[in-house]
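One structure below.
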Amino acid sequence: MVVATVREEQAIRQMTDQLVRDFADTHSVEQVERAVGVARQQFGGHPVRQFVPILVERVARRRLAGKKDSAVGSVVGSPATSASPNATTEASDAVVPEQAPQPDSTPAPVVGDHTGSSHAAGPAGAHGSIDADASEGVVDSADPAVPSHSTGVTNGARTSTTATKPGLGKHASDDDSGGVLAALGAAWSANRRLVSTGLIVALVLVVVAVGFTVRKPAAEAPTAAPAQALTVVHGVVGSEKMAFFQDPKVVDTLARNGLQVDVQPAGSRQIATSTDLDRYDFAFPSSEITAEQIQRQRKVNTRYIPFSSPMAIATFAPIVDVLTRAGVVGPGPTPTLDVGAYLKLVGNNTRWDQLPGNTAYPVGKNILISTTDPRSSNSAALYLAAASYVANNETIVQGTPAEQDVIPTLSRLFVGQGYTENSSEGPFGNYLAGGMGPTPLAWIYESQFVEAAAQGKTTPEMRLLYPGPTVWSRHTLIPLGDSGDRLGQLLSEDKGLQRLAAEHGFRTGDPAQFGAVVAEHGVPVAADLLDVVAPPTYETLEHLIDGVTKSYN
């Protein structure tokens with residue numbers, strides 16, 4: 001409001017100077033200033049301050065020219081009259097229109113009883129002429145349909161009220177349109193009972209015309225940037241990582257980095273032994289040993305280990321209690337299965353119903369952990385690695401004699417199971433769906449249990465056991481092309497992908513991420529695993545697997 005007042009004062013001053021120049025031959029400076037002051041009084045208090053200067057100029061110019069002012073409905077005296085000492089008082093009385101009391105209406109800033117058109121006389125003012133031919137002026141019209149006029153009615157007479165911001169004319173800003181609409185609204189409110197249908201049409205046309213006049217051209221909508229072309233990366237992965245790659249959040253994160261990953265599941269040993277890797281951009285087995293074999297075969301020096309998982313056992317609270325009483329499981333926040341004690345039960349062909357005090361699971365089948373097929377699956381191969389270490393007097397198996405000594409013990413772990421599946425999804429899926437009956441113990445990746453718990457797939461009776469000793473599954477990506485290498489970098493370095501890997505139960509380079517996931521879902525896991533052994537070499541592990549395979553026959 002302060003800015004509007006300052007601008008008004010500046011415009012009034014410029015307009016007054018122009019009138020002094022225009023009427024220098026007939027009026028003194030004092031007379032001009034008095035006429036301006038009288039005219040200005042009429043518009044005091046109206047919310048159209050930006051239009052006041054040009055309206056004041058119109059009234060003052062007519063007064064100084066000695067003509068009847070249509071805008072105020074008063075007879076302006078001659079120059080001599082205007083110059084008289086009482087001119088100010090007389091003019092003030094003349095310019096105040098008499099209106100019927102209308103308590104709900106706002107006084108119109110311009111009123112009068114003029115019934116014809118009027119045009120300002122004299123040269124154009126500093127703010128644009130108000131002559132009928134001037135594009136920035138005010139023009140009355142007998143035709144109410146002319147859209148370039150703002151026509152109001154007082155006491156049955158038509159009055160011109162259109163005005164423009166000084167110096168802007170038809171290119172006025174949006175502020176001007178608001179002032180014009182305010183003035184029109186005031187005039188309509190004061191005189192609405194006397195407006196004819198034709199004048200309503202004229203008023204609507206004026207508003208529309210003003211809107212088009214002051215409207216700024218709309219900026220063109222920005223053209224959407226073309227979607228980034230995604231590089232499709234084909235890979236073969238261990239089945240336990242399928243849920244990770246199918247996660248929509250993982251897919252979106254990879255897409256933001258320009259990659260679309262298409263994966264096929266396979267057993268980790270199967271990836272190294274029987275999969276046509278020429279079809280893929282990367283191989284992602286669950287074992288460091290298997291990955292090293294792929295590196296040698298493909299002559300690839302680069303590898304990435306973005307996450308890992310220790311091997312664990314999924315079971316149920318009643319089974320933990322039974323095995324604890326049998327001395328096979330050590331109690332604690334994260335119970336541990338003694339692999340040596342377990343091997344003795346297997347070696348003796350001990351059945352569940354032979355365990356002392358076993359009323360929770362009294363079935364007549366041998367005590368065996370359910371696994372995958374060691375001939376194709378990495379998880380079964382790591383089970384064999386942990387068991388071979390214990391069977392070899394807690395020493396990593398190396399050399400033919402040691403291999404031959406442990407093969408009979410290892411074969412019992414698998415042959416007695418009957419049919420085994422090729423990937424770790426099989427036994428863990430049976431554990432989740434079938435319960436304790438068919439699968440009391442299942443050899444799994446720790447990540448599978450944590451992921452299932454985070455997704456609400458586990459029940460309160462389900463428990464996680466850690467074998468002692470256990471082995472780590474280090475999920476190792478071998479790039480077979482540039483796009484596979486890019487994926488390996490992203491999985492290893494992108495914090496978002498690392499966080500998502502933790503949500504799927506994997507341990508990453510940042511232990512806090514995994515800790516936050518298990519804490520949120522209340523999964524009791526071993527924070528630090530101490531009883532961990534390394535698997536034998538790839539060649540030794542292959543010999544052990546071959547020996548178990550022969551036992552199947």
Side-chain angles (χ1 to χ4, degrees), residues 232-246 261-305 309 311 370-385 387-388 397 403 407 410-411 413-415 417-430 443-445 448 471 473-481 483-485 487-488 535-553:
V232 180
V233 189
H234 300 280
V236 56
V237 305
S239 61
E240 71 289 335
K241 293 184 283 291
M242 287 298 293
F244 171 77
F245 281 107
Q246 292 170 347
V261 180
D262 175 43
V263 291
Q264 298 295 325
S268 291
R269 289 196 69 256
Q270 186 180 7
I271 295 174
T273 57
S274 59
T275 300
D276 181 9
L277 296 181
D278 290 336
R279 301 165 47 199
Y280 299 104
D281 300 304
F282 71 95
F284 202 177
S286 306
S287 167
E288 220 175 346
I289 300 174
T290 303
E292 287 179 358
Q293 177 65 11
I294 296 172
Q295 284 183 277
R296 287 194 292 267
Q297 293 173 349
R298 309 292 298 189
K299 296 180 172 57
V300 177
N301 296 323
T302 306
R303 66 175 182 172
Y304 299 94
I305 306 178
S309 178
M311 302 308 299
S370 299
T371 71
T372 51
D373 191 332
R375 293 167 291 185
S376 59
S377 171
N378 173 69
S379 63
L382 292 181
Y383 174 54
L384 189 150
S388 69
V397 176
E403 294 169 2
I407 284 176
L410 300 178
S411 296
L413 302 177
F414 295 97
V415 175
Q417 290 186 54
Y419 171 75
T420 52
E421 301 194 46
N422 291 331
S423 71
S424 58
E425 277 186 317
F428 187 62
N430 294 335
W443 181 265
I444 64 169
Y445 298 98
Q448 290 178 291
V471 290
S473 170
R474 304 188 186 278
H475 298 265
T476 307
L477 186 149
I478 306 302
L480 304 176
S483 59
D485 188 72
L487 175 62
T537 64
Y538 179 82
E539 288 76 16
T540 297
L541 196 56
E542 286 296 305
H543 294 161
L544 296 177
I545 292 172
D546 287 343
V548 171
T549 299
K550 291 176 181 178
S551 298
Y552 276 104
N553 299 326

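These numbers come from the heavy atoms of this one structure, side chains and all, not from hydrogens, waters or symmetry mates. Small disclaimer: the values here were computed from a predicted structure and weren't measured.
- In terms of heavy atoms, Ala283 sits closest to Leu277 at CB-CD2, 4.2 Å.
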Determine, step by step, whether Val261 and Gln246 satisfy the side chain to side chain contact (heavy atoms under 4.5 Å, CB included) criterion, reporting the C-alpha distance in whole Å, the side-chain angles of both residues, the deciding distance to 0.1 Å, and the verdict.
CA-CA 9 Å; Val261 180; Gln246 292 170 347; over 6 Å; no
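- What you find for Arg269 and Ile545 is that their closest heavy atoms are NE-CD1, 3.2 Å.
- Two residues are said to be in side-chain contact when any heavy atoms from C-beta on lie closer than 4.5 Å; Phe414 and Thr420 fail this criterion.
- At least one side-chain heavy atom of Ile271 sits under 4.5 Å from a side-chain heavy atom of Ile294.
- For Ser473 (side chain) and Ser286 (main-chain N/O), a donor-acceptor pair under 3.5 Å exists by modelled atom type.
- Summarising the geometry of Pro374 relative to Val548, their closest heavy-atom pair is CG-CG1, 4.4 Å, with the distance given to 0.1 Å.
- Exactly one residue among Val236, Ile478, Val263, Val300 makes a side-chain contact (heavy atoms from CB on, under 4.5 Å) with Phe282. That residue is Val263.
- Taking CD of Glu539 as the reference point, atom CG of Leu544 lies at 12.0 Å (rounded to 0.5 Å).
- A donor-acceptor pair under 3.5 Å is absent between the side-chain atoms of Gln293 and the main chain of Ile289, judged by distance alone.
- Checked against salt bridge (charged side-chain N to carboxylate O under 4.0 Å, His left out), Arg279 has no partners two or more places apart in sequence or in another chain.
- The side-chain contact (heavy atoms from CB on, under 4.5 Å) search around Ser379 returns Met311, Thr372, Ser377, Ser424, Trp443, Tyr445, not counting sequence neighbours.
- Listed by chain and residue number, nothing satisfies the side-chain hydrogen bond (donor to acceptor under 3.5 Å, both in side chains) test with Thr275 (two or more places apart in sequence, or in another chain).
- Donor-acceptor pairing under 3.5 Å is lacking for the side chains of His234 and Asp281.
- Side-chain contact of Asn378 with Ser287: a donor-acceptor pair under 3.5 Å is present, judged by distance alone.
- When every heavy atom of Ser551 is checked against every heavy atom of Ser411, the shortest pair comes out as OG-OG, 2.7 Å.
- The two residues Gly484 and Leu477 come nearest to each other via the heavy atoms O-CD2, 3.7 Å.
- Contacts of Asp276 classified as salt bridge (charged side-chain N to carboxylate O under 4.0 Å, His left out), with partners at least two apart in sequence or in another chain: none.
- For Glu292, the salt bridge (charged side-chain N to carboxylate O under 4.0 Å, His left out) partners two or more places apart in sequence, or in a different chain, are Arg303.
- Contacts of Phe244 classified as ring-ring contact (aromatic ring centres under 6.0 Å, His included), with partners at least two apart in sequence or in another chain: Phe307, His504.
- Ring pair Phe284/His475 is perpendicular by interplanar angle, where above 60° counts as perpendicular and below 30° as parallel.
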Where do Asn430 and Glu421 land on the side chain to side chain contact (heavy atoms under 4.5 Å, CB included) test, with the steps shown first?
CA-CA 11 Å; Asn430 294 335; Glu421 301 194 46; 3.4 Å; yes
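- Considering only heavy atoms from C-beta on, Phe428 stays 4.5 Å or farther from Glu240 through its side chain.
- The shortest distance between side-chain heavy atoms of Ile407 and Lys550 does not fall below 4.5 Å.
- The nearest pair of heavy atoms linking Leu541 to Ala381 is CD1-O, 3.8 Å.
- Distance CZ/Arg296 to CG/Asn301: 12.5 Å, rounded to 0.5 Å.
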